[in-house]
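For reference, the structure discussed in these notes is given below.
All values reported here derive from a predicted model rather than from experimental measurement. Residues take their numbers from the sequence shown, with the count starting at 1.
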Amino acid sequence: MADPSTLSDAELYELIVSTRTAGKDPNRLLGILCERWRRPAAVVVRRVQQSYRAGSPDDEDELYQEAVRKFIEKGLDQFRGISEHKPGQAANVRTFFLRIVKHATIDAYRRQREVLDRGAVDEEDESSESPREISHAIMLGRRETERKDAGGVYWAAFDRLVQEHPNEAAAWDAYHHQDLE
């Protein structure tokens, strides 16, 4: 098997698809592929932010992660490799991913704008929080839920490690959970 870092995006994507088809875990390969696209994704996010006159540089990582999640959950199955705009020509998987980034970013800022607009309409409400504070609180609540979900996934994986490889799990526990050096 060739070194994934030497493969082109298209070749690496094909390797990911064949790995998935073989029933093997393609996560490491997906990580390599998506990491290649981090900087172009940040450019797309900044351009959408400029057009919406919203957001901050801190949003880039969160929106990138959302796009990666969507790419893994749906995009891998949806990408056909054929251009919709130029029938008969091959589509670029990177362009497909950056389109996901663009739409994820637009969706996030539309939701944020809708929350703010709803807040402006409901001025009769006697809440002391501004629409921006409410939007920020909602975002923090979502992040906390995602953090808890990620913690659950981590501990489930650790439990599996304990069952399948108890010696490695004991070492992992000592170095990462008990801070022994």
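Nearest approach of Tyr64 to Ala41, heavy atoms of both residues: CD1-CB, 3.8 Å. Across all their heavy atoms, Ala67 and Ile100 have their closest contact at O-CG2, 3.6 Å. Nearest approach of Arg20 to Pro26, heavy atoms of both residues: CG-CG, 3.3 Å.
Side-chain heavy-atom separations under 4.5 angstrom define the hydrophobic clusters, and Met139 shares its cluster with no other residue.
Distance CZ/Arg94 to CG/Leu33: 10.5 Å, rounded to 0.5 Å. With rounding to the nearest 0.5 Å, the separation of CD1 in Ile16 from CZ in Arg28 is 10.0 Å. Considering CG of Leu63 and CZ of Arg46, their distance stands at 12.0 Å, rounded to 0.5 Å. Interatomic distance, Arg69 CZ to Cys34 SG, rounded to the nearest 0.5 Å: 13.0 Å. Asn27 CG to Ile32 CD1: the interatomic distance, rounded to the nearest 0.5 Å, is 11.5 Å.
Between Phe79 and Tyr13, the distance separating the two ring centers is shorter than 6.0 angstrom.
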What pairs of donor and acceptor atoms, side-chain ones from residues 155-169 against any protein atom, are under 3.5 angstrom apart with sequence neighbours left out?
unit_1, atom_1, unit_2, atom_2, d
Arg160, NE, Glu164, OE2, 2.9

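Linking ILVMFWY side-chain heavy atoms closer than 4.5 Å, directly or via other members, places Ile106 and Tyr109 in a single hydrophobic cluster.
Annotation: side chain of Leu29 is in contact with side chain of Thr19 (closest heavy-atom distance under 4.5 Å). The side-chain heavy atoms of Glu66 and Asp107, taken from C-beta on, include no pair separated by under 4.5 Å. The shortest distance between side-chain heavy atoms of Arg47 and Lys102 does not fall below 4.5 Å. At a threshold of 4.5 Å between non-hydrogen side-chain atoms, the residues Glu35 and Leu30 do not count as touching. Residues Val44 and Phe97 fail the side-chain proximity criterion, which asks for heavy atoms closer than 4.5 Å. Taking the side chain as every heavy atom from C-beta outward, Trp37 and Phe71 approach each other to under 4.5 Å.
Using a 4.0 Å cut-off between charged nitrogen and carboxylate oxygen, Glu144 and Arg147 count as a salt-bridge pair. A salt bridge does not link Glu60 with Arg38: none of the charged nitrogens is closer than 4.0 Å to a carboxylate oxygen.
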